[in-house]
Amino acid sequence: MNIINIEHIAKIYEVGSEQVHALRDVSLRINKNEYVAIMGPSGSGKSTLMNMLGCLDTPTSGKYEFTNANVSEMTDNELAKIRNKEIGFVFQTFNLLARSDALHNVELPLIYAGVPSAERRERAEAALIDVGLKDRMHHKPNELSGGQRQRVAIARALVTKPSIILADEPTGNLDSKTGEEIMILFNEIYEKGNTIILVTHEEYIAEHAARIIRLKDGLIESDETVKNRFIPKPKTVVV
Amino acid sequence: MNTFFFEIKEGMLIALRAIRSNKIRAILTMLGIVIGITSVVLMTTAIKGIDNAFQKGISALGSDVLYISKWPWFGNRDWWKIRNRRNITMADFERFKELAKLPIAVAPVVNSIRSAKYKDRSVDNVIMTGSDADYVNTTNFTFDMGRFFSETESKSSRNVVVLGSNIAKNLFPRRDGLNKTIKIGNENFKVIGILTEQGSIILGAFNPDNQLYVPIGTVFKYFMSRWSSSITLNVRAASPAMVPATKDEAEGIMRKIRGLSYNEEDDFAINQQEALQQSYDSVVGVIQIAGLFITGLSLFVGAIGIMNIMFVSVRERTKEIGLRKAIGAKRRTILGQFLLESSVICLMGGLVGLILAVILSMIVNQFLPTSVQYSAVILAIMISLMTGIIAGFAPAYTAAKMDPVEALRYE
């Protein structure tokens, strides 16, 4: 099933009197249960494409259909709704609410979805158990390790059962061992039937994906299926 | 509607969480509102209290009584000229009484400052009012004990005295003053009546509670010269509605008695409570406006404090706002969240201020009359809520319209 359908989108920023063509002409389809890595050097339009895919921004021209809804013509509120229901964000810097415990952080998108508090709690607890944080639900971010924080963020992304998980350099702030653990978790999530879009500039991270899209100067340079995908195996007990 | 309440409830929880996570800052910001609300409520309370006291006091003067005197109560511009007016004499009073048809009572009045003594207790510098038996009919006096002096006592200038309630309290703490003999100056007076409480603190020495009443002839006999003192005529109209007619008649009679020709100015003044009311209104009106303005200013400063801190808070939480937007918060959700936050701070400050004001007004009440109004309570709550919404709006709006991409990138 086709989740994302992008046709000839371009994004132009006005910086002072100059126009910056962040994306020139990008067409792209992503189906359900794909594991896609988007790669590219800085300035390649990678971030812009990610913002576009995450419905945080709309294209200057072209068409963006998300599960057949035309995102390019949506209002702010409609975009907010799509982000809430269909997209789970995982950021490089985790972006957790510092003064709230793990459980409340995971509940947050459900609050905006209007889920009543009892159900919210139940679902957030289940999501935290799924990422292996059963015993850390009432810990605040500063009481958690980097890997645990990212797990909370992943639980927050999963809790609304979104159509895609959009991860922007999810291992960028982690040491390689912890990063590997996070990639194991992503693999599990993928194998459960979720769709993951991974934005990274690290080749060895991108190799975890089943498909790699490389961007350069606002255009797609290559888009290929990975033949021998690197499937990470849990070496130690997941913390 | 359901989603509305849901959003309010969740917004409230988020706001409380934010306030709790920055307690010191919230409390300091609240302080501005506390001070503002306390001063506004105290001010309205004090104004209302003074007003009540004044109304009570002025009603003791009677709205239907004219006070004809050499001196006008207000606007003594030509002081020297007025000073040189002929005195109003007892003879003037006799003729006035003879000619006036409309008043229901006319009494001559002189005042003098005296001290009174009973055994080792004394009251100093109180107003001694000398008048005749009709005086009581120009007032609304009620008696705790005894009676006012009779016509016979008045005509024959007996040494009898009626005590105002405060004086009676001071001289006779055991309330056994009736028929006792007190000394005024060096003369003995028999207490024949004690008034119940009449006026209020606002009238000061003019409060009937702080006065002594003796027959006017007795005053002239011992304390003042009949010939060199000017008396006041207290003239009571049949009803408040009859006051203008009674005043017109009184003016005509006075001019006639004083032999003034048509082109001469009145050489007397007809005073009435209304003038006191007007002058009170103009003075207190200014005090009210100035007071509310100044206290309002302190509330305004508090509001600026709130606005300032909300701007800081929005700036500080830019990244959080970005995240909230990314995971689905709508503009109005963010707007509501920050508005609720500032409203809650203001409301809490308002409630604390209100409690403080009530406590303070109880303390102040020991010295000055105050009265906490329910309207002031409601007003204070409304004002603090409004302050929160108004002061919070600009920062909240800034937060609501942030671009999620920019906000997330903010460091």
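Protein chains get the first letters and strands the later ones, always in sequence-line order, with residue 1 at the start of each.
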TODO: Return yes when atom OH of B:Tyr410 has more than 12 non-hydrogen atoms of other residues, nucleotides or ligands closer than 6.0 Å, and no otherwise.
DONE: yes

Open item on the list: Would you say CE of A:Met74 has more than 12 non-hydrogen atoms from neighbouring residues, nucleotides or ligands within 6.0 angstrom?
Closed with: yes

TODO: Starting at CZ of B:Arg317, measure out to CG of A:Leu97 and round the result to the nearest 0.5 Å.
DONE: 9.0 Å

Task: B:Leu13, part contacting chain A, at a heavy-atom distance under 4.5 Å - done: neither

Task: Taking every non-hydrogen atom, the tightest pair across B:Leu408 and A:Phe91 - done: CD1-CE2, 3.6 Å

TODO: Output the option from A:Asp57, A:Leu79, A:Leu108 having the highest count of non-hydrogen pairs under 4.5 Å with chain B.
DONE: A:Leu108

TODO: Identify which of A:Arg156, A:Lys85, A:His104 forms the greatest number of heavy-atom pairs closer than 4.5 Å to chain B.
DONE: A:His104

TODO: Check each atom of B:Glu406 against the heavy atoms of chain A and say whether the ones under 4.5 Å are side chain, backbone, both or neither.
DONE: neither

- [ ] Return yes when atom CZ of B:Arg25 has more than 12 non-hydrogen atoms of other residues, nucleotides or ligands closer than 6.0 Å, and no otherwise.
- [x] yes

Open item on the list: Checking B:Ile327 against A:Thr160 for the side-chain contact (heavy atoms from CB on, under 4.5 Å) test, could you report, in this order, the C-alpha distance in whole Å, the side-chain angles of both residues, the deciding distance, and whether it holds?
Closed with: CA-CA 10 Å; B:Ile327 64 173; A:Thr160 54; over 6 Å; no

Open item on the list: Could you check whether atom CZ of B:Phe311 has more than 12 heavy atoms from other residues, nucleotides or ligands sitting under 6.0 Å from it?
Closed with: yes

Open item on the list: Please find the pair of heavy atoms, one from B:Pro404 and one from A:Leu56, that lie closest to each other, and give the distance.
Closed with: CB-CD2, 3.7 Å

TODO: Mark yes when over 12 heavy atoms from residues, nucleotides or ligands other than A:Glu18 sit less than 6.0 Å from its CD; otherwise mark no.
DONE: no

- [ ] Side chain from CB out, backbone as N, CA, C, O: work out which of these in A:Asp76 comes under 4.5 Å of a heavy atom of chain B, or both, or neither.
- [x] side chain

Task: Heavy-atom pair of closest approach, residues A:Asn84 and B:Gly328 - done: CB-CA, 3.5 Å

TODO: Kindly write out the residues that satisfy salt bridge (charged side-chain N to carboxylate O under 4.0 Å, His left out) with A:Lys63, not counting sequence neighbours, or none if the list is empty.
DONE: A:Glu65

Open item on the list: If we define contacts as heavy-atom pairs under 4.5 Å, which of B:Ala18, B:Ser21, B:Gly322 has the most with chain A?
Closed with: B:Ser21

Task: Which atoms of B:Lys319 approach chain A - backbone, side chain, both or neither, heavy atom under 4.5 Å - done: side chain

- [ ] Using non-hydrogen atoms and a 4.5 Å limit, figure out which bit of B:Arg17 sits close to chain A: side chain, backbone, both or neither.
- [x] side chain

Task: Over all atoms of both residues, closest heavy-atom pair of B:Arg331 and A:Asn77 - done: N-OD1, 3.8 Å

Open item on the list: I need the A:Ser117 OG to B:Lys9 NZ distance, nearest 0.5 Å.
Closed with: 4.5 Å

Task: Shortest non-hydrogen contact between A:Tyr112 and B:Thr333, atoms and distance - done: CE2-CG2, 3.4 Å

TODO: Flag yes if more than 12 heavy atoms outside A:Met137 fall under 6.0 Å of its CE atom; otherwise flag no.
DONE: yes

- [ ] Measure B:Arg324 against the heavy atoms of chain A and call it side chain, backbone, both or neither at under 4.5 Å.
- [x] both

- [ ] Give a yes or no on whether the backbone of B:Lys325 and the side-chain of A:Arg83 come within a donor-acceptor separation of less than 3.5 Å.
- [x] yes

TODO: Can you tell which part of A:Val159 gets under 4.5 Å to a heavy atom of chain B, answering side chain, backbone, both or neither?
DONE: neither

Open item on the list: What part of A:Pro116 gets within 4.5 angstrom of chain B, counting heavy atoms only: side chain, backbone, both, or neither?
Closed with: backbone

Task: Nearest heavy atoms of B:Ala329 and A:Ala80, plus distance in Å - done: O-CB, 3.9 Å

- [ ] Side chain from CB out, backbone as N, CA, C, O: work out which of these in A:Ser100 comes under 4.5 Å of a heavy atom of chain B, or both, or neither.
- [x] both

